[in-house]
Amino acid sequence: MSFPDEHELHKRRFGRNLGLGLVLAAFVTLVFGMTIAKVSDERFAVPTNEVAN
Amino acid sequence: MSDASLNASQTQTGDAGFGDYFALLKPRVMSLVVFTALVGLLAAPVPVHPIIGFAAILFIAVGGGASGALNMWWDADIDRIMKRTQGRPIPAGRISEGEAFGFGMTLSVMAVVMLALASNLVAAGLLAFTIFFYVVVYTMWLKRWTPQNIVIGGAAGAFPPMIGWAVATGGISVESVLMFALIFMWTPPHFWALALFMKSDYKEAGVPMLTVTHGRRSTRKHILVYTLLLAPLAIGTAFTSIGGPIYLAVAVVLNAMFLKGAFDIWRRTEEQAEADNYKTEKKVFALSLFYLFGHFTAILLQSVMAGYGLGGW
């Protein structure tokens, strides 16, 4: 038994979902990179109320 | 259900591919936004961490793209009429108007909030104002109301270098206003040159382009006048902190070429233009793109060289 050919609609949906997944992964990486860059800055200071806790 | 009916329902429900959403962001316009914002950021006297700079430029680009999506949402009716825009995702039926609106609004808010977190509130505020100006002031109000739409609306495209500058410095200065003014004054002759050889499109869509309301002779005069006003501004920028000898040389050459092109457009009659299929107008339009790219590349070069103690006055 052979599987029926994938419809063009499914290919398009897969492409869209893959694209969105990659964009989200890139966004997470970017926010992580920004965090590292911010906390590595010599002007960065932990807010005083955070230190007290 | 037949294949034919399935295909028809696909287009009506807006089951778009990834590329269609990307097309909503007007990638070609976005490339200009990225380039000018990057120059604004690098020309500023305050260094920025590369990751912060990259993120800021990305969010500026996303904000610009989001305003493009909102523009396509509002203008879907006229995009269906104009040949140049009939292939866009909404008129082509691949994305629904509601989807484009939601997409544009979500990305606008995200871009502004993320830019505020990545850099500062001045840059984020300028980005929010740019989106508002392009969508509400230009697209919803001016575009269909006045032939001066391009002149005032051009401000929206002129903000990116100011935002880039604000990312680095946290403020606004003479230099960033000059970069704004350069794009602002360049926009009218650039678009009117396009309108001269795309005449039928704007007329059919009922957009009050200068060519439609005041005639083509008047548009030719306007191109010359704006180019004459642009030249001293562009050359004068050479004597500020973002200019220098390289910028001055580039500006003198490019402005001489642009002025000659504007003069040629002004001198031509409609019969002459139709006889050679608007050759001069098309040439000046292409030159206008090179003009802006050249000026901003020169500003970038000056700032790179200044980093090595070279190039300035």
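Side-chain atoms are counted along with the backbone in the values below, which use heavy atoms only and exclude waters and symmetry mates. None of these values were measured; they are calculated from a predicted model. Throughout, protein chains are lettered first and strands after them, A, B, ... in sequence-line order, and every chain is numbered starting at 1.
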Worked check of side-chain contact (heavy atoms from CB on, under 4.5 Å) between A:R16 and B:D20: CA-CA 9 Å; A:R16 193 173 64 185; B:D20 293 317; over 6 Å; no
Give, as side chain, backbone, both or neither, the part of B:F54 having an atom under 4.5 angstrom from any heavy atom of chain A. side chain
Taking the side chain as C-beta and beyond, is there a heavy-atom pair between A:K38 and B:L117 under 4.5 Å? no
Is it true that, when you exclude B:M140 itself, more than 12 heavy atoms of the residues, nucleotides or ligands shown sit nearer than 6.0 Å to its CE? yes
So, for B:F18 and A:L20, which heavy atoms are closest and what is the spacing to 0.1 Å? CE1-N, 3.8 Å
Is any side-chain heavy atom of B:F59 closer than 4.5 Å to a side-chain heavy atom of A:L30? yes
Under 4.5 Å between any side-chain heavy atoms of B:I52 and A:M34, yes or no? yes
